Q: 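Before we start, here is the structure in question, set down as structure tokens.
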Protein chains: 2
Amino acid sequence: MPSDQTRTSILDAAERLYADRGFADVTLRDIVAAAGVNLAAVNYHFGSKDELIAELFVTRSLATNRARLNELKAAEAEGGGRAEIDAILRALVGPTLRGCLGPGNERSAAARFMIRASIEAVPPIRRIKNREIDHLRKFAAAMQRSLPGRNQVDLYWGLHFALAMAHQTIRDSERLTKLSEGSCDLDDVQGIIERIVAVSVMALTRREADSRASEPVAARRGR
Amino acid sequence: MPSDQTRTSILDAAERLYADRGFADVTLRDIVAAAGVNLAAVNYHFGSKDELIAELFVTRSLATNRARLNELKAAEAEGGGRAEIDAILRALVGPTLRGCLGPGNERSAAARFMIRASIEAVPPIRRIKNREIDHLRKFAAAMQRSLPGRNQVDLYWGLHFALAMAHQTIRDSERLTKLSEGSCDLDDVQGIIERIVAVSVMALTRREADSRASEPVAARRGR
DNA sequence: CATAGTTTCATACAAGCGTTTGAATTGCAA
DNA sequence: TTGCAATTCAAACGCTTGTATGAAACTATG
């Protein structure tokens, strides 16, 4: 039975380096140096660089999806099969945001790795990523149960916008900090989650009438 | 005086290739092959690969910012120095969205290049990108004039969310299409703009009270 | 201890990268 | 046309990349 120690140090080092510097700037030699193992160990244990990346991504992807679904199930159980819309959205964006932001001196490498993966979309990851659609579909279904009267298209857009705000907040928190000169507190994760959830709920529950060419001012500058 | 023809074909080919395939997968040899020029021409005319990328980015960046500011000025002029908040947001997200989405058989390479740049953040671009903060500050100031009563932090978050929704819609339109099985119409650019503007306006004009721990349900699942 | 299987190691390899070189070619002024 | 600078070109450079190799070291069973 293998000790798995080399395997594990490679996975840890790779995840941390990819999280910190992105996929493009990290070579196998960087990884093995950080892991304190021999260069050939990567190909011996994983077959190739791409398979190493794929294993990292699959592992973390399953974990994140599990955390989100757990929150969703809990919310639906609490409501007898139908969760409140804000609870659904909180289950969608909460796990990732909590993982990637927050006052911890160094955030979880796992979460930052996933952000990188979602940003840089390197080939081995892109191949796996299509399964995420099925995962999101479960949230779309829950939202439909929660807001049975809503237009389905609006639900998709609301889901999309919620993910967009969460994602961009993680991705470009630096810009927001600079722009606001520090007045936007990115360590207040729960506050950020509630902000995103509140906006998404508003987007999802606004009146039907203004689904297009809403305000008079809007229609004026159509160009 | 140089004919500039080689220079121009390199710029065009590079922009198109980077837009299509990203920075990581495009080599100088790909570019010169597409441009029909010699390999050494890049270094002769631009000095280095990084300087070529930087020139592309600076050019397009200035153009986009100019388009946004033009719309902003027009909106402010129309309102006698104080634009409606929705007009400001439309000026912010409109130019980019119109450039990157839409029914055109092939979208503008320039716009898709800018999206790549904003996604992949290769070093020569990252160095330039900090100027964007100053550009966004003008929109923050306009928003403050438009909504003088609002908390400044809320304005920054609203600006941030508006850009997040626009950006993610461009970036990951494929996912939304798949998720909604085509029912979200990504060719209806003006509809998308109005959707984003409407949500952003709601985010910016919601009542002060719920800036944190808003709904009772929200407070319950704080974790 | 001996031996077979697993894991590590130093080293090499082919391929691709951005860049450089120096000679050919071009374009234009005198 | 001659002459000179600007431009183009084929070829090569040095370097880094992921991967492969075969020997050495380790581990555990008989």
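Residue numbering restarts at 1 for every chain, and letters A, B, ... go by the order of the sequence lines. Fair warning: this is a prediction, and the values are worked out from it, not measured in the lab.
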Q: For the aromatic rings, using the six-membered ring if either is Trp, is the centroid distance between B:Tyr18 and B:Phe57 under 6.0 Å?
A: no

Q: Could you state the NZ-P distance from B:Lys49 to D:dT16, rounded to the nearest angstrom?
A: 16 Å

Q: Using whole Å, report how far CD1 of A:Ile31 lies from P of D:dT19.
A: 11 Å

Q: Quick one: on DNA chain D, does A:Gly47 or A:Asp25 contact a more 5' nucleotide (nearest heavy atom)?
A: A:Asp25

Q: Ignoring hydrogens and geometry beyond distance, is a side-chain donor-acceptor pair present between A:Ser48 and A:Glu51 at under 3.5 Å?
A: yes

Q: Under 4.0 Å between a side-chain N or O of A:His45 and OP1 or OP2 of C:dT8?
A: yes

Q: Could you tell me the separation between the CG atom of A:Leu28 and the C1' atom of D:dG18, rounded to a whole number of Å?
A: 6 Å

Q: Starting at atom CD of B:Gln5, determine the distance to atom C1' of D:dT8, rounded to an integer number of angstrom.
A: 13 Å

Q: Check for me whether the distance between the ring centres of A:Phe139 and A:Tyr156 falls short of 6.0 Å.
A: no

Q: Are OP1 or OP2 of C:dT7 and a side-chain N or O of A:Thr6 less than 4.0 angstrom apart?
A: no

Q: Nearest to the side chain of A:Tyr44 - D:dT8, C:dT7, C:dT19?
A: C:dT7

Q: Take atom CG of A:Asp4 and atom P of C:dT6, then tell me their distance rounded to the nearest Å.
A: 15 Å

Q: Check whether the side chains of B:Gln144 and B:Gln152 place a donor and an acceptor atom closer than 3.5 Å, and report yes or no.
A: yes

Q: Mind calculating the distance between CZ (A:Phe46) and C1' (D:dT19) to the nearest angstrom?
A: 16 Å

Q: Please report, rounded to the nearest Å, how far the C1' atom of C:dC17 is from the CG atom of B:Asp50.
A: 13 Å

Q: Counting side-chain heavy atoms from C-beta on, which of C:dT20, D:dT19, C:dT7 comes nearest to B:Asn43?
A: C:dT20

Q: Is a donor-acceptor contact shorter than 3.5 angstrom present between the side chain of B:Arg29 and the base of C:dG16?
A: no

Q: Could you tell me the separation between the CD1 atom of A:Ile10 and the C1' atom of D:dG18, rounded to a whole number of Å?
A: 14 Å

Q: Which listed nucleotide (C:dC17, D:dT19, D:dA10) is nearest to the side chain of B:Asn38?
A: D:dA10

Q: Would you call the rings of B:Trp157 and B:His160 parallel, tilted or perpendicular, where under 30° means parallel and over 60° means perpendicular?
A: perpendicular

Q: Once you apply a heavy-atom cut-off of 4.0 Å, does A:Ala40 come out as touching a base, just sugar-phosphate, or nothing?
A: base

